[in-house]
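Beneath this line is the structure, given in C-alpha cells, with notes to follow.
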Amino acid sequence: MPLGDRPEADAPGGDGTSGVGKPHYTGHRARLRERFLADPEAMPDYELLELLLCLAQPRGDVKPLAKALLARFGGFAEVVSAEPEKLRCVKGLGETGVAALKTAQATAVRLLRDRVRNQPVLSSWDQLLDYCRAAMAYGAVEQFRLLFLDTRNRLIADEPQQKGTINHTPVYPREVVRRALDLHASAIILVHNHPSGDPTPSKADIQMTLQIRNAAHAVGVSLHDHVIVGRDGHVSFKAQGLL
C-alpha cells in the first residue's frame, strides 16, 4: 500500500484494531487538522504543539506531552526555541519529536529572513526586528549577530557569531571591521540577545558598541544601529540616543 494511503492511527481501525474499544483520542487528530486548516489563529498553543508532535509520533495521544512541554518551558515560542538537549529531558519526547519542534522554529526563522533579504533594511525595519526576535530572543545564552549592508542598505550577509554565556558574548571590533571590509559592506547593524528577557543595555554593551562604531568609522563603514532583543521586547541604541 502506498505510504499516503495508509490508515491513520486515529482513524477507526487505523491502529489495526476494530472500532470496538477504540482509544479516547480516536479521530482527534483529524479534527485538529480540520480546525487548523479552517482557522490556524484560533488554535491554542497546546493544540498547535499537538499537531507538530503528531508528525513525529504517528500513534498515541500526544496531548499530555504537549501540555508537559508548555508547563516546562512556559509557552509555544519557548518550546520550539528550546535547546535540543533540554527538550530531550522531557519524558516521552524522542529524537523525531525534537526534530519536529526545531523544524518549526527553523521554518519560522527562514520565512522571516526571506522577507528582509535583498530589501532596503531601513525601510523594512519591523520585518527585520521580527526576524531577529524569532532567531534570537528565546536563546538560553547570549549570541551576537552581524548584519552587513551594501550602499543601498540591502542586507548582503547575516552572520551569527560565536555563542557566549548566559550574560556575555565576546565580540572583537577588529574582527567585525575586517569582515565588513571582506564583504565590501558600507554599513553594519549589530544584534544580540539577552536571555534574561530584559533588553536593557548594560554598560559593557554600550562600551563595546562605541568601540565597534569608532573602529568601523575609521575605515568608512557606518554602524547603523545595535539592537538588543529579548522575550520582553527590544531596544535600539539609535532610538535611545546611544549612538
Side-chain angles (χ1 to χ4, degrees), residues 3 29 32-33 36-37 40-41 43-58 62 65-90 92-119 121 124-149 154-166 169 179 183 189-197 199 227-234:
L3 180 62
R29 294 184 178 197
L32 274 181
R33 287 192 298 270
F36 172 76
L37 292 173
E41 294 295 325
M43 300 288 286
D45 285 354
Y46 79 90
E47 289 188 337
L48 197 57
L49 281 176
E50 278 189 79
L51 283 171
L52 288 173
L53 294 170
C54 286
L55 300 176
Q57 300 186 21
V62 295
L65 178 55
K67 291 189 173 182
L69 285 164
L70 288 172
R72 171 71 178 273
F73 296 102
F76 182 87
E78 287 83 358
V79 171
V80 299
S81 301
E83 296 294 330
E85 57 269 23
K86 292 187 177 181
L87 290 170
R88 294 186 186 104
C89 294
V90 178
L93 186 66
E95 285 299 301
T96 52
V98 173
L101 295 175
K102 300 311 295 181
T103 298
Q105 182 196 23
T107 300
V109 170
R110 184 163 300 188
L111 176 63
L112 291 168
R113 183 185 67 194
D114 286 350
R115 291 177 64 186
V116 297
R117 179 180 290 171
N118 297 322
Q119 298 294 321
V121 167
S124 55
W125 191 247
D126 288 343
Q127 290 91 333
L128 179 68
L129 292 175
D130 288 342
Y131 162 58
C132 291
R133 292 197 66 193
M136 304 175 67
Y138 297 91
V141 298
E142 278 201 9
Q143 184 180 16
F144 211 86
R145 185 178 294 268
L146 301 175
L147 308 180
F148 297 97
L149 311 180
R154 294 177 304 184
L155 184 64
I156 57 174
D158 167 17
E159 299 186 351
Q161 304 302 293
Q162 71 275 15
K163 292 184 178 181
T165 64
I166 194 170
T169 304
R179 186 58 180 151
L183 293 168
I189 296 174
L190 313 177
V191 187
H192 85 277
N193 64 312
H194 277 182
S196 67
V227 179
I228 302 177
V229 296
R231 293 185 301 276
D232 299 335
H234 74 275

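For clarity, every value in this text was computed on a predicted model and none was experimentally measured. Computed from heavy atoms alone, side chains included, the values below leave out hydrogens, waters and symmetry copies.
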*Might you work through the side chain to side chain contact (heavy atoms under 4.5 Å, CB included) test for Cys54 and Arg33, ending with a clear yes or no?*
CA-CA 10 Å; Cys54 286; Arg33 287 192 298 270; 5.9 Å; no
Rounded distance (nearest 0.5 Å) linking atom [atom1] of [X] with atom [atom2] of [Y]:
X	Y	atom1	atom2	value
Lys86	Leu93	NZ	CG	15.0 Å
Arg110	Thr107	CZ	OG1	8.0 Å
Arg113	Gln127	CZ	CD	15.5 Å
Leu65	Leu49	CG	CG	8.5 Å
Leu155	Tyr131	CG	OH	7.5 Å

Non-hydrogen atoms of [X] and [Y] that approach each other most closely:
X	Y	result
Ala104	Val80	CB-CG1, 4.3 Å
Leu87	Val79	CD2-O, 3.7 Å
Phe148	Arg179	CZ-CG, 3.5 Å
Leu112	Asp130	CD1-O, 3.6 Å
Arg133	Val229	CG-CG1, 3.9 Å
Gly92	Gln57	O-NE2, 3.2 Å

Does the side chain of [Y] come within less than 4.5 Å of [X]'s, by heavy atoms?
X	Y	value
Val121	Leu147	no
Leu52	Val62	no
Asp158	Val116	no
Ile156	Leu149	no
Phe144	Val191	no
Cys132	His234	no
Val227	Leu128	no
Pro160	Gln143	yes

Any donor-acceptor pair under 3.5 Å from [X] side chain to [Y] backbone:
X	Y	result
Arg29	Pro58	yes
Lys102	Ala82	yes
Arg145	Leu190	no
Gln161	Glu159	yes

*Between Met43, Glu50, Glu41, which is the residue that forms a side-chain contact (heavy atoms from CB on, under 4.5 Å) with Phe36?*
Met43
*asked:* Thr103 vs Leu55, test: side chain to side chain contact (heavy atoms under 4.5 Å, CB included). Steps then yes/no.
replied: CA-CA 11 Å; Thr103 298; Leu55 300 176; over 6 Å; no
*Is the number of heavy atoms from other residues, nucleotides or ligands under 6.0 Å of Arg88 CZ greater than 12?*
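Counting other residues, nucleotides and ligands, CZ of Arg88 exceeds 12 neighbours.
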